[in-house]
Amino acid sequence: MSPTRWIIALLVFALAVPATASLTKTADRHWLTGADEKTRLERLEHYLGGFSSAMLETGLRYGHVRQAVADENWLLADYHWKKIADAIENGLMKRPARRANAEAIFLEGPWKALDVAWAQDDTRAVEKALHSAHQACLNCHVAEKVAFINDQPLLRKTPKLEEKPKEKQP
Ligand code: HEC
């Protein structure tokens, strides 16, 4: 390689490396307000993550749904159920390739059925819809090739209404 080519190659390298590293590597604690607009938006996009942050929220809220079901607190269960749909929508905005399965397997069928069931205040209807919704979570993990997610306490068994702990006598 001629010396001029070496210099060009070095220059390209010197310019290219900081361009990617600058996304997270910064000495400025004002990592948003101190950055130019493009970097700022790229940092926000990076920080907000992909589908897994939406699923972390979904899993957390699903744990609350299970507890609310055990307590037969339908209003609380319904509250978290609606937030789960919001969380998944946010995830789909970030990872649109997952939309087809999310809608076909979960949102348009089992999610809606349970959303209606809470309002009916019918324990048997809730139990049935909850079973289908739980199965839909599992099915989407299989469809999206993350079946290993299903092997954990939160997802191994459908929540049971009988999980409600016996009240202690005063
Ligand atoms: C689009 C189909 C889809 C649906 C519907 C879905 N998931 Fe997921 N879930 C995924 C994918 C994909 C991942 C792995 C995300 C990643 O690594 O980017 C995941 C990951 C998870 C995780 C692990 C999150 C973490 O990073 O700690 C939990 C917990 C979870 N899902 C729970 C649920 C529950 C509960 C439901 C139903 C209420 C559900 N999921 C519905 C696709 C889905």
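Indexing begins at 1, ligand by ligand and atom by atom, following the structure's order.
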> Hey, which atoms in ligand 1 end up nearer than 4.0 Å to a heavy atom of A102?
Replying inline: 1 (C)
> Looking only at heavy atoms, is any part of L155 under 4.0 Å from ligand 1, and if so is it the side chain, the backbone, or both, or is it neither?
Replying inline: side chain
> Is a side-chain N or O of W81 found less than 3.5 angstrom from the main chain of V65, in a donor-acceptor match?
Replying inline: no
> Counting distance only, does the side-chain N/O of Q152 pair as donor-acceptor with the main-chain N or O of I149 below 3.5 Å?
Replying inline: yes
> Does the ring pair (Phe, Tyr, Trp, His ring centres under 6.0 Å) test come out yes or no for H134 and Y62, once each step is laid out?
Replying inline: CA-CA 9 Å; H134 183 95; Y62 190 58; 5.8 Å; yes
>> Quick test of your reading: applying side-chain hydrogen bond (donor to acceptor under 3.5 Å, both in side chains), list the pairs with at least one residue in residues 50-59, sequence neighbours left out, ordered by first then second residue.
In response: S53-K94, E57-R61
> So, is the end of the R95 side chain (NZ or CZ) under 6.0 Å from the ring centre of F51 and within 45° of the ring's axis?
Replying inline: no
> Among protein heavy atoms, which sits nearest to atom 16 (C) of ligand 1, and what does the distance come to when rounded to 0.1 Å?
Replying inline: S52 CB, 3.6 Å
> Once the angle between the rings of W31 and Y47 is folded into 0 to 90°, is it parallel (under 30°), tilted (30 to 60°) or perpendicular (over 60°)?
Replying inline: tilted
>> Looking at C137, is its backbone amide N or carbonyl O close enough to the side chain of H141 to form a donor-acceptor pair, meaning the two atoms are under 3.5 Å apart?
In response: yes
>> More than 12 heavy atoms of other residues, nucleotides or ligands under 6.0 Å from CD of E108: yes or no?
In response: yes
> What protein heavy atom is closest to atom 25 (C) of ligand 1, reported as residue, atom name and distance in Å?
Replying inline: L56 CD1, 4.0 Å
> Can you list the atoms of ligand 1 that are under 4.0 Å from a heavy atom of Y62?
Replying inline: 35 (C)
> What protein N/O/S atoms lie closer than 2.8 Å to atom 8 (Fe) of ligand 1?
Replying inline: M55 SD, H141 NE2
